Undergrad: 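Sending over a structure as structure tokens; questions will come in a sec.
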Amino acid sequence: MTTMDAAGTGAPASADAPGTEAGGGHDTPPSLSGPAAAPEDASSALQVDRSQLGRRRVPSVREALSMVRFERVGRTPAERMARAHDIDDLRARARAATPRPIFDFVDGGAGDEGAVHRNRAAFDALQLVPRVLRDVSTIDTSTTLLGRRVAAPIVFAPIGLARAAHPLGEIGLARAAARYGLPTVLSTMASVSPEQLARQVPEADRWMQLYLWRDRDASRAVVRRAADAGFRALMLTLDVPVAGNRLRDVRNGLGFPPSMPLRSALRVAAKPAWAWRTLTHEPIRYALTETGGGDFVTQTDRTLDPSATFAELEWLREVWPGPLLVKGVLDSRDARRLVDAGVDGLVVSNHGGRQLEQAVATAHALPRVREAAGDDTLVLVDGGIRSGAHVAAALALGADAVLVGRPAMYGLMAGGQAGVDRAAELLTSGLTRTMALLGAARVAELEPGMIAN
């Protein structure tokens, strides 16, 4: 038999080598041969080690201060936002800067918010498998969405009443998207109109989101206004037949446009900067509809049509000339039927966990929807995406791009325009870094084999 010498090479074992029985030559595990003997003079060995460190001394003040780096306090909003190192940092800053009822309106979900947490947990649980010896000296995150090249496969999702977070609202979101070469989607329930957005951010790649109202003439009017204002894609949201049970809003007594009982209004007084900004700008209201006021459930059930069917796609195609996407798809059977009906794209979404509280996580639904839709249909996904690594994982699972809503809104609440810019920067730079680490120089190289589970 052989033993390993100090250099790790095999050497013949002597007859009386430790751990060898005299009769049979079998190795005895060290754990069975008793504790190792202590060195004869452990204290002297310790003294030798200490002597090698030299004598202790008292450092000078200059030496101690040389280990401290004093950082300049950010003078500009961009400098202050640069100290947010991920989307969770932006969320923490948003929570500190915004009254609780408004923060909860953006951050909250339906019921016990299980769907919100599952969305995030599903992406966090994905393990990525990198490839090696691939040239990643240049990373190209650009891709083509609906016939147009975009800088990265990231789209700013539609957000209702974004001006409740900051007076810039949807304008700030669109400016950041345009600056980073990303599309932005304007909500039917937005606080600025399609004409305002087109006028103030003409360079933005603008898409329009649509709910099906009970008043179909009003829905048609929204579609025509979006087309006339140069919006190039329409995103029909179908996962709100009735209102979700958004308990944070209920407990805060939040109405829309923003109003609240005295107990919640007192929390606004604790955020004077938000209150001053909000009260010194134009009142926050829906730009495209008059809902009559009230809480979210009342307004939704009064305005949206729960009787909508696949037949709606026919008249919508008649009034909308451009690409048509459908948002809120989680079932592969619906995906196949929608593709057969001629839609141009699908959005795998559970409305950010704000509707059905027990809804499947979007990362789990995505592969099945992609398989049913086939390779020729645009597939996007949203829900729980908080980093460039999540974006890369979504693309590896089969998405062509992702929608992000809360990350952009956290930035808006945290720092206005600089905050939204920072959110876009974190997501795009994170995607670039993740692609390099995965060995994917182009978006097309992110493939299912890079997902371990």
Side-chain angles (χ1 to χ4, degrees), residues 69 71-109 112-125 154 156-157 159 161-169 172-173 176-177 180 246-249 251-252 254 258 260 264 266-278 352-354 382-391 402-431 433-434:
R69 184 175 70 254
E71 296 180 339
R72 186 182 71 178
V73 176
R75 297 178 181 177
T76 66
E79 288 177 345
R80 291 192 289 272
M81 289 299 101
R83 302 185 73 172
H85 301 296
D86 61 15
I87 298 299
D88 286 338
D89 283 351
L90 284 177
R91 180 182 181 274
R93 287 170 177 254
R95 187 170 189 171
T98 311
R100 180 171 175 179
I102 302 302
F103 177 81
D104 284 350
F105 167 60
V106 174
D107 190 63
D112 64 0
E113 303 188 353
V116 177
H117 301 308
R118 282 194 298 277
N119 280 345
R120 171 70 181 269
F123 276 107
D124 284 342
I154 300 170
F156 277 14
I159 302 291
L161 288 179
R163 289 188 60 242
H166 189 281
L168 282 173
L173 297 173
Y180 283 84
R246 301 183 189 177
L247 290 179
R248 288 205 220 180
D249 295 344
R251 288 167 178 149
N252 290 325
L254 186 64
M260 59 198 77
S264 292
L266 293 175
R267 293 172 174 170
V268 175
K271 308 294 181 182
W274 180 92
W276 177 253
R277 282 196 308 266
T278 301
R354 295 162 72 85
D382 71 6
I385 294 166
R386 298 292 183 269
S387 68
H390 287 170
V391 177
V402 304
L403 285 170
V404 293
R406 288 186 180 94
M409 288 295 288
Y410 293 149
L412 187 64
M413 290 187 288
Q417 189 64 64
V420 190
D421 289 349
R422 182 59 173 163
E425 179 185 5
L426 287 169
L427 293 170
T428 54
S429 64
L431 174 61
R433 179 173 54 253
T434 302

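Bear in mind that the values here come from a model prediction, so they are computed numbers and not experimental data.
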Undergrad: Roughly how far, to the nearest 0.5 Å, is the CZ atom of Arg246 from the CG atom of Asn252?
TA: 13.5 Å
Undergrad: Please name the pair of heavy atoms, one in Ala97 and one in Met413, separated by the smallest distance, quoted to 0.1 Å.
TA: CB-O, 3.8 Å
Undergrad: List for me each residue that meets side-chain contact (heavy atoms from CB on, under 4.5 Å) alongside Arg251, sequence neighbours excluded, and say none if there are none.
TA: Leu247
Undergrad: Apply side chain to side chain contact (heavy atoms under 4.5 Å, CB included) to Phe156 and Val420, showing your working.
TA: CA-CA 10 Å; Phe156 277 14; Val420 190; 3.7 Å; yes
Undergrad: Side chain of Thr98, backbone of Phe103: donor and acceptor closer than 3.5 Å?
TA: no
Undergrad: Hey, could you give me the CD1/CG distance between Ile154 and Leu431, rounded to the nearest 0.5 Å?
TA: 5.5 Å
Undergrad: To the closest 0.5 Å, what do you measure between CH2 (Trp274) and CD1 (Ile102)?
TA: 4.5 Å
Undergrad: Where do Ala408 and Ala423 come nearest, in terms of heavy atoms and distance?
TA: CA-CB, 4.2 Å
Undergrad: What residues, two or more places apart in sequence or in another chain, satisfy side chain to side chain donor-acceptor pair (under 3.5 Å) together with Arg422?
TA: Glu425
Undergrad: Please round to the nearest 0.5 Å and tell me the distance separating atom CG of Asp421 and atom OH of Tyr180.
TA: 5.5 Å
Undergrad: Calculate, to the nearest 0.5 Å, the distance between atoms CZ and CD belonging to Arg354 and Glu113 respectively.
TA: 9.0 Å
Undergrad: I need the minimum non-hydrogen distance between Thr434 and Gly388, along with the two atoms involved.
TA: OG1-C, 3.9 Å
Undergrad: Who are the side chain to side chain donor-acceptor pair (under 3.5 Å) partners of Arg91, not counting sequence neighbours?
TA: Asp107
Undergrad: Quick one: does any side-chain atom of Lys271 pair with a main-chain N or O of Arg100 as donor and acceptor, under 3.5 Å?
TA: no
Undergrad: Which heavy atom of Leu90 sits nearest a heavy atom of Ala84, and at what distance?
TA: CD2-CB, 3.7 Å
Undergrad: Going by the rule side chain to side chain donor-acceptor pair (under 3.5 Å), which residues pair with Arg83 if we only count those two or more places apart in sequence or in a different chain?
TA: Glu71
Undergrad: Within the 4.5 Å heavy-atom criterion, are Met409 and Leu173 side-chain neighbours or not?
TA: yes
Undergrad: Between Arg406 (side chain only) and Gly352 (backbone N and O only), is there a donor and an acceptor less than 3.5 Å apart?
TA: yes
Undergrad: Donor-acceptor check, side chain of Ser264 to backbone of Met260, threshold 3.5 angstrom: yes or no?
TA: no
Undergrad: Please report the closest heavy-atom contact between Ala78 and Ala418, naming both atoms and the distance.
TA: N-CB, 3.7 Å
Undergrad: Can a donor-acceptor pair be found, under 3.5 Å and without considering hydrogens, that links the side chain of Asp86 to the backbone of Asp88?
TA: yes
Undergrad: Let me confirm one number: the CG-CD1 distance from Leu412 to Ile159, rounded to the nearest 0.5 Å.
TA: 9.5 Å
Undergrad: On a heavy-atom basis, which atom in Val268 and which in Ala275 lie closest, and how many Å separate them?
TA: CG1-CB, 4.0 Å
Undergrad: Using side chain to side chain donor-acceptor pair (under 3.5 Å) as the criterion, list what pairs up with Asp124, not counting sequence neighbours.
TA: Arg120, His390
Undergrad: Can you check whether Gln417 reaches Pro77 side chain to side chain, under 4.5 Å on heavy atoms?
TA: no
Undergrad: Suppose we screen for ring-ring contact (aromatic ring centres under 6.0 Å, His included). Which residues come up paired with Phe105, at least two apart in sequence or across chains?
TA: Phe256
